[in-house]
Trainee: 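Below are the structure tokens for one structure; questions will follow.
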Amino acid sequence: MKMSESTLARTGGQLLVNALKVHGVDLVFGVPGESYLDVLDAFYDARDHIKFVICRQEAGAANMAEAYGKLTGRPGICFVTRGPGAANASIGIHTAYQDSTPLVLFIGQVSNAFAEREAFQEVDYRRMYGPLAKWVAQIDRAERVPEMVSHAFHLAVSGRPGPVVLALPEDMQSQTATVADAARYQRVAAHPGAADMQKLRDLLERSQRPFLMLGGGGWSRQACDDIRVFAETNALPAGCTFRCQDLLDNRSASYVGDIAVGLNPALEKRIREADLLLAVGPRLGEWTTINYTLVEIPRPRQKFVHVHPGAEELGRVYQGDLLINSGMPEFAAAARALAPVKAPWAEATKAARAEYEAWQKPVATPGALNMSEVIAFLRRRLPPETIITNGAGNFSLWVHRFYQYTGFRTQLGPTSGAMGYGVPSGIAAKLVHPDRPVVSFAGDGDFLMTGQELATAAQYGARVIFLIINNGMYGTIRMHQERHFPGRVSGTELRNPDFAALARAYGLHGDTVAKTAEFEAAFERAWNAQTGAVIELRIDPDSITPRTTLSAIRAEALKSRAR
Ligand SMILES: Cc1ncc(C[n+]2csc(CCOP(=O)(O)OP(=O)(O)O)c2C)c(N)n1
Ligand SMILES: [Mg+2]
């Protein structure tokens, strides 16, 4: 044994950074604080192994760590200071929880000497983060750093993946301990039993109109490939749930659309009329089930098979004919290995695919800039390895409906519906995959929640193309407002900065587009820019969804009031 680090006294800060190295961490995202100076100092020594990406606000840092977790399947790492830093980071932790993304958040904490006095920025993170994380703990003794960090990594990736929070009291960080490092963590996952797979095959064989629904976290490239082969060899029609559209290559003959807000009515009908619903991965939440109406609770009308990595999710809302607790890679490999069944539904799958293709055709919209045409152009123009990111708002409906995601992790979007995700996730994507194009979508409201991270993009040379869809309002909320309180606009108008000028102030290329025909040239300028780029797309505020207009919604609501 060479002069092992385990025989040297190390500070808690050094033990922590060494533990990150042991677990294969290469990038961490954070905003500094005086509450974790010893850790920052240990990062100095590890700078050849671990890059500390300095962010401008903790929401940006936490969202970047979340995107890292989604992209790699390894825990995204985020470092923030106590109180205010921890509060800012919470949005990314909530998204990691809802999206089942592995993440470990480290928070500097007041010294144990001052604990429970409400010392400067002191918060009890166990209580603050209790419902938002799989585990929240505080490492009070330096010698327990290897053990507790190892526990955090195991938990973040195992079962239903998710976030873990560890608080680091200042005195622990500077204490020394002589203790061995842990070994690298392993992912622990359940496998489907042979009897489960046989029953699944029997159900499929007896079915006339099966439907495969893919969603949730914990997938891998191999798992997506395996499930695609399973779907294609059995000619199954398959849909992806809200913002999980990249789990099946949208060009596959089996892909028939996404199951979310703006659901294709033809697809909805097929799901309702299915006699076997095979849900692999999704929790079947509110948006995927159209407010819990698409699939009956607690006993679905269809024969129902639910596969999920978390045992606690199975039978939580939906009872099933077959509930399988399994990791996604483990289930997908077993599904691929199943002997194919005769597929009397093959023609119906072709029809469903044709309905999806028709649904993707651009639509007429009010105003000079048609978002469906813009996305159709990008679908043709962007190479298949492109990563598309977005935050939350109606603007994302255009992307989800008219783009074709080409496979695993070509999409990063918050199923949590958190605004402000698109910019930081775009930056993280470019830092993880510098060789892949990244196009990030935001609404005007959405963009300004984390737009200051353009400085981070510039600082690290992350050449993302940011597209801001500007309708001068919190459009989604305005839409709901017109539906419920027609004509009474309240709390939803926005007066925006000149986004192209803002981009230039950050050192990025900036452009503004107000007509469909101008977009192509503007996009090529952005593509060729040596820096990242922002294109502001000024759309007609009336163009609120691909299906309807704001004025039509208002007129309809007024009419039904008059009735
Ligand atoms: C962090 C956060 N705050 C508030 C909301 C509620 N919300 C959902 S969509 C939306 C408006 C989004 O506005 P914008 O980004 O301009 O997109 P648009 O709907 O206009 O296309 C709001 C305020 C949210 N989802 N997330
Ligand atoms: Mg808007």
Side-chain angles (χ1 to χ4, degrees), residues 57-64 66-67 87-99 132 242-243 260-262 285-287 291 365-367 369-372 374-375 389-403 413-426 440-453 466-485 489-499 502 512-514 534-551 553-554:
Q57 211 261 31
E58 290 84 354
N63 279 322
M64 286 185 211
E66 201 280 344
N88 274 342
S90 61
I91 189 163
I93 310 314
H94 176 251
T95 293
Y97 195 78
Q98 290 233 293
D99 289 29
L132 292 187
F242 181 54
R243 291 186 179 145
V261 187
E286 188 177 338
W287 284 23
N291 306 323
T365 62
L369 180 55
N370 182 324
M371 274 310 296
S372 66
V374 166
I375 306 295
T389 82
N390 62 267
N394 267 26
F395 69 90
S396 67
L397 292 172
W398 305 98
V399 193
H400 298 337
R401 173 154 162 196
F402 297 103
Y403 194 69
T415 74
S416 65
M419 292 170 71
Y421 183 80
V423 171
S425 60
S440 164
F441 286 88
D444 47 333
D446 181 63
F447 179 80
L448 284 175
M449 290 220 170
T450 49
Q452 72 276 20
E453 301 301 338
F466 298 99
L467 302 180
I468 304 174
I469 299 157
N470 183 3
N471 56 5
M473 59 183 173
Y474 288 125
T476 311
I477 312 308
R478 170 75 182 276
M479 173 184 74
H480 292 300
Q481 207 158 55
E482 293 290 359
R483 224 170 247 155
H484 297 280
F485 306 99
V489 180
S490 174
T492 52
E493 312 99 311
L494 293 174
R495 185 169 146 192
N496 286 309
D498 174 344
F499 288 109
L502 186 65
T512 311
V513 168
V534 169
I535 307 177
E536 175 188 341
L537 300 165
R538 292 202 178 138
I539 66 164
D540 186 325
D542 202 32
S543 184
I544 196 69
T545 80
R547 274 206 258 188
T548 186
T549 60
L550 210 48
S551 45
I553 292 171
R554 178 188 290 200

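Atoms within a ligand are numbered from 1 in the order they appear, just like the ligands themselves. Note that these values count all heavy atoms, side chains included, but never hydrogens, waters or copies made by symmetry.
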Trainee: Between the side chain of Asp542 and the main-chain N/O of Leu550, is any donor-acceptor distance below 3.5 Å?
Mentor: yes
Trainee: With a 3.5 Å distance limit and no angle check, can you tell me whether Asp446 reaches the backbone of Ala392 through a side-chain donor-acceptor pair?
Mentor: yes
Trainee: Below the 3.5 angstrom mark, is there an N/O of Ile91, backbone or side chain, next to an N/O of ligand 1?
Mentor: no
Trainee: How long is the gap from CE on Met419 to OG on Ser396, to the nearest 0.5 Å?
Mentor: 10.5 Å
Trainee: Roughly how far, to the nearest 0.5 Å, is the OG1 atom of Thr512 from the CD atom of Glu536?
Mentor: 5.0 Å
Trainee: Nearest non-hydrogen contact with atom 25 (N) of ligand 1 belongs to which option: Gly417, Ala418, Ala392, Gly472?
Mentor: Gly417
Trainee: Run the numbers for me: atoms of ligand 1, each under 4.0 Å from some heavy atom of Asn394, listed by number.
Mentor: 18 (P), 19 (O), 21 (O)
Trainee: Compute the minimum heavy-atom distance from Met449 to ligand 1 and say whether it is under 4.0 Å.
Mentor: yes
Trainee: Out of curiosity, Thr415 OG1 to Glu286 CD, how far, rounded to the nearest 0.5 Å?
Mentor: 12.0 Å
Trainee: Any chance you could lay out the side chain to side chain contact (heavy atoms under 4.5 Å, CB included) test for Ile469 and Phe441, step after step, and finish with the verdict?
Mentor: CA-CA 8 Å; Ile469 299 157; Phe441 286 88; 3.9 Å; yes
Trainee: Going by the closest heavy atom to atom 9 (S) of ligand 1, which one wins out of Asn471, Ile544, Thr476, Leu494?
Mentor: Thr476
Trainee: Backbone N or O of Gly413 within a donor-acceptor pair of the Asn390 side chain at under 3.5 Å?
Mentor: no
Trainee: For Phe447 and Phe499, I'd like to know if the aromatic rings sit close, meaning centre-to-centre distance below 6.0 Å.
Mentor: yes
Trainee: Which atoms of the protein, restricted to N, O or S, are nearer than 2.8 Å to the Mg ion (ligand 2)?
Mentor: Asp444 OD1, Asn471 OD1, Met473 O
Trainee: Find all atoms of ligand 1 within a distance of less than 4.0 Å from any non-hydrogen atom belonging to Asp446, and give their numbers and elements.
Mentor: 14 (P), 15 (O)
Trainee: May I ask you to list the atoms of ligand 1 that are less than 4.0 angstrom from any heavy atom of Ile477?
Mentor: 7 (N), 8 (C), 10 (C), 22 (C), 23 (C)
Trainee: Starting from atom 16 (O) of ligand 1, which protein heavy atom do you reach first, and at what distance in Å?
Mentor: Asp444 OD1, 2.6 Å
Trainee: For atom 21 (O) of ligand 1, which protein heavy atom lies nearest, and how many Å away is it?
Mentor: Phe395 N, 3.0 Å
Trainee: Within this structure, what is the OG1-OH distance for the pair Thr450 and Tyr421, rounded to the nearest 0.5 Å?
Mentor: 11.0 Å
Trainee: Just verifying a value: how many Å separate Arg478 CZ and Thr492 OG1, rounded to the nearest 0.5 Å?
Mentor: 5.5 Å
Trainee: What protein heavy atom is closest to atom 14 (P) of ligand 1, reported as residue, atom name and distance in Å?
Mentor: Gly445 N, 3.6 Å
Trainee: Between ligand 1 and Gly420, can you find any atom pair, the residue atom being a heavy atom, that is separated by under 4.0 Å?
Mentor: no
Trainee: Who's the nearest protein heavy-atom neighbour of atom 20 (O) of ligand 1, and how far?
Mentor: Gly475 N, 2.7 Å
Trainee: Which residue supplies the protein heavy atom nearest to atom 4 (C) of ligand 1, what is that atom called, and how far is it?
Mentor: Met419 SD, 3.6 Å
